[in-house]
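Structure first, then comments.
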Amino acid sequence: MSDRSQLALVVSSALAGFAWGIVRHRGHRQARPLALLQAVEWFVAAGGAAWLIEHARGTLEGAAGPEERITHLRQVASEHDEIGA
């Protein structure tokens, strides 16, 4: 999924969550804060938090310069190293 379409998905999920929250809590004196909480919940459920983190990481790494990032290191031990000889 492209970055733009993923953004559209999570934003539309948040808007739908807000609308659902307003309908669900109408008449409640805390309807707007509850609807906002519902919007955040749907945003996160649709992958919005992951999108934000990914976007922030890309922005920071782009500013730092390196194109590659180390994801894991591998340590190789041979039998010679285990014996201590």
Side-chain angles (χ1 to χ4, degrees):
M1 183 179 288
S2 74
D3 194 42
R4 194 175 193 118
S5 61
Q6 186 177 5
L7 175 62
L9 174 70
V10 297
V11 168
S12 62
S13 295
L15 291 173
F18 185 77
W20 173 248
I22 289 290
V23 169
R24 182 176 179 204
H25 298 290
R26 69 177 166 246
H28 193 280
R29 70 181 182 92
Q30 295 287 335
R32 285 189 182 164
L34 289 169
L36 184 61
L37 187 59
Q38 185 74 48
V40 170
E41 183 180 342
W42 285 24
F43 177 81
V44 170
W51 182 87
L52 283 175
I53 292 168
E54 199 173 295
H55 186 69
R57 177 179 285 134
T59 301
L60 292 174
E61 286 178 349
E67 292 296 319
E68 295 183 25
R69 131 177 100 103
I70 298 173
T71 57
H72 66 280
L73 298 173
R74 184 190 310 193
Q75 182 177 5
V76 178
S78 64
E79 288 183 27
H80 188 269
D81 292 336
E82 291 176 12
I83 297 172

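Heads up: numbering here begins at 1 and tracks the sequence. From a predicted model like this one, the values you see are computed outputs, not experimental measurements.
Taking the side-chain contact (heavy atoms from CB on, under 4.5 Å) definition, one finds that Leu15 meets it with Val11, sequence neighbours left out. Partners of His28 under the ring-ring contact (aromatic ring centres under 6.0 Å, His included) rule, at least two apart in sequence or in another chain, do not exist in this structure. Residues meeting the side-chain contact (heavy atoms from CB on, under 4.5 Å) test with Gln38, sequence neighbours left out: Trp20, Arg24, Glu41, Trp42. The side-chain contact (heavy atoms from CB on, under 4.5 Å) search around Ile22 returns Phe18, Arg32, Ala35, not counting sequence neighbours.
Cluster partners of Val23, using a side-chain heavy-atom cutoff of under 4.5 Å among ILVMFWY residues and allowing indirect links: none.
Note that CZ of Phe43 is 10.0 Å distant from CG of Leu9, once rounded to the nearest 0.5 Å. Rounding to the nearest 0.5 angstrom, the gap separating the CZ atom in Arg26 from the CG atom in Leu34 is 14.0 Å.
Smallest separation of non-hydrogen atoms from Ala39 and Ala14: CB-O, 3.2 Å. Considering every non-hydrogen atom in both Gly47 and Gln6, the closest pair reads O-NE2, 4.0 Å.
Test His55, Glu61, Glu54 against Arg57 for side chain to side chain contact (heavy atoms under 4.5 Å, CB included) and you get one pass: Glu61.
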